[in-house]
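So the structure is just underneath, and the comments pick up after that.
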Amino acid sequence: MICNIAQKEKSIIKAWGDYIYFQCPRGLLFFLFCFLFSPVGAQPWAKKASQAVFTLKTFKADGSLLSSANGFFISEQGEAVSPFTPFKGAQRAVVIDAQGKEWPVDCIMGANGIYDVAKFQVTVKKAAVLTLAATPASNGSTVWLLPYSAKKAPACQQGTVSQTQDFEGKYAFYTLSMQTTEQYAGCPVLNDEGQVLGILQPSASATETSSYAVSANYANAQHVSSFSMNDPTLQQTSIPKALPEKQDEALLTLLMASSSMTAEMFEQLVERFITKFPQAADGYIYRARTHVDKGEFAAAEEDMRQALKVSDAPDNTHYQYAQLIYQKVVYQTDKPYESWTLERALQESQEAYHIKPEPVYRLQQAQLLYAMQKYADAYAIYEELQQGPLRNAENFYAAAQCKIQLDDKKAALALLDSALVTFSKPYVKTAAPYLRLHAQLSMDCRRYQLAINDMQDLVTLEPANAELWAEKASYELRVSLTDQALASAEECIRLAPDNSSGYLLLGIAQCIKGLKQDGLQNLTKAKELGDSQAQKFIDKYSN
């Protein structure tokens, strides 16, 4: 019932009115007046407690109002709880406290869509708070709904607990004998001592006499983890998410978010990481990368300097710095930045190795030397690494590329042989780049059967790749395997009927076999599809 004077109480007051007025001393009279005429819901804790209750408003990306509900603070630092529903689809949110002041919601600290609760951080100077009840209420207990009230004492609504259901072993979901409306969603439900039991979930309809409340302790227990970025509930809102309390978990969050968030949202997350962990080098490294993406190289350089100042693993920070410079020089050639050169990157990498001689730092140096076209120096490092834990296919492949640049294709082919030995047969798709280069080198070194075998392995790995069938047909023509070339070219056409290569190769193979009419017809088709070589073969086989 709404907190007011019951009709029965009014009758009692009227009957005793004259006696009270004429017989009681003035002090007692005043006391009795306050007692009898104060509302039933005016609990001694109500006025103070009401300062912790607020209205929550959420907004769409275009700035228009999305939804509203109520909530309350549970820590002086601005931690608060409310229903999660208003946050769905929200880009921004604010709370309006009991004094009418507006404060922005900073981030979501955790949420559960099933029980419709959210915990979040509000940017407030110092919040009035409610105390959470340590123990749940029992059936039949009296409870009080404390509504939001701006700048005036609230009128509490009294009810009773008709049913308590336990969930997750330690939390309560209450059914309340109390009729409420949607406007009270998120308001706190308290016990007689003014401690919060739950968050109100109002009656489902205007005629229903029951309301519901989910444990406030459960709402308070919501938190984010390293995997919260993939949480289906949290993905329903664009409000920023809080970072985990532990630095390693927060760092894992950054790693996962870097490939799933928009650039703008990720930048905000990085700023939050730096604010939360100012002595962690990783935050500055991540921010430096975002600066590089935007062409802000001076800002990126400043961040990397700061990362080196605070780093507890300076070798890794120098390595990351070298990698950042390398990627800028190689992939952003249209945006020069004088102090970032491959030579500078090499210096950073060498400093990393000087601090801690890890093989991965030597590998980075080899990559940098290759980019600097110092192929012999790069090869020397790759050869060195083949004697240690980095003896793998990638290393042999890179070394082979050095030998190709040094015009030593036989040595490159031998290195590719070593690379392929590291794979088990039948080959998996990761072997495809090695097989393709091995096939090319085999042809150049006149080891034709090896090249044909490689191409057969490649089309087995990727049977729907029309370009591989065309390349296979080309190799087969070069070693006079005309019938195989015909079959390979026909498969290329079947897979890609608009690809000129298939018709060109089929036409050449047919002409070689004496099927000139069909061959010239396919060569003409290749020309019509834009093949620049087709006319040369048309002229050759037309005579």
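From a predicted model like this one, the values you see are computed outputs, not experimental measurements.
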Q: Just jot down the ring-ring contact (aromatic ring centres under 6.0 Å, His included) partners of Phe84, sequence neighbours excluded, or say none.
A: none

Q) What pairs with Phe537 under ring-ring contact (aromatic ring centres under 6.0 Å, His included), at least two apart in sequence or on another chain? A)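 With neighbours one apart ignored, the set is empty.
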
Q | Distance (rounded to the nearest 0.5 Å) between Glu348 CD and Arg344 CZ | A | 5.0 Å

Assign the ring pair [X] / [Y] to parallel, tilted or perpendicular, where the plane angle (0 to 90°) is split at 30° and 60°.
| X | Y | result |
| --- | --- | --- |
| Tyr326 | Tyr331 | perpendicular |
| Phe277 | Phe273 | tilted |
| Tyr321 | Trp340 | perpendicular |
| Tyr218 | Tyr171 | perpendicular |

Q. Honestly, is Lys328 close enough over Phe297, meaning NZ or CZ under 6.0 Å from the six-membered ring centre and within 45° of the axis?
A. yes

**Q.** Within 45° cone and under 6.0 Å: Arg287 NZ/CZ vs Tyr284 ring
**A.**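 Judged by the rule, Arg287 and Tyr284 form no cation-pi pair.
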
Let me check something: any side-chain donor-acceptor pairs from residues 370-383 under 3.5 Å, sequence neighbours excluded? List them with distances.
none

Q. So does Glu467 have more than 12 non-hydrogen atoms from other groups sitting under 6.0 Å from CD?
A.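 Atom CD in Glu467 is not crowded, with 12 or fewer foreign heavy atoms closer than 6.0 Å.
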
Which atom pair, heavy atoms only, marks the closest approach of [X] to [Y]?
| X | Y | answer |
| --- | --- | --- |
| Thr123 | Asp106 | OG1-CB, 3.5 Å |
| Gln222 | Asn112 | OE1-CB, 3.7 Å |
| Ala216 | Leu132 | CB-CD2, 3.9 Å |
| Thr317 | Ser311 | OG1-OG, 2.7 Å |
| Val330 | Thr333 | O-CG2, 3.7 Å |

Q | Residue pairs fulfilling ring pair (Phe, Tyr, Trp, His ring centres under 6.0 Å) with at least one residue in residues 442-497, sequence neighbours excluded | A |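 Residue pairs passing ring pair (Phe, Tyr, Trp, His ring centres under 6.0 Å), neighbours aside: none found.
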
Q: Walk me through it: do Phe120 and Val95 pass the test side chain to side chain contact (heavy atoms under 4.5 Å, CB included)?
A: CA-CA 11 Å; Phe120 50 96; Val95 304; 4.2 Å; yes

Counting only N and O atoms by type, is there a donor-acceptor contact under 3.5 Å from the side chain of [X] to the main-chain atoms of [Y]?
| X | Y | answer |
| --- | --- | --- |
| Ser64 | Lys60 | no |
| Asn392 | Asn395 | yes |
| Ser82 | Gly186 | no |

Q. Is there any salt bridge (charged side-chain N to carboxylate O under 4.0 Å, His left out) pair reaching into residues 426-443, and which pairs are they, with sequence neighbours excluded?
A.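 Residue pairs with at least one partner in residues 426-443: Arg436-Glu471.
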
Q) Which pairs with one or both residues in residues 489-513 pass salt bridge (charged side-chain N to carboxylate O under 4.0 Å, His left out), sequence neighbours excluded? A) Asp483-Lys513, Glu491-Arg494

Q.
Run Leu346 and Glu343 through side chain to side chain contact (heavy atoms under 4.5 Å, CB included) and show every step you take.
A. CA-CA 5 Å; Leu346 183 60; Glu343 289 76 12; 5.6 Å; no

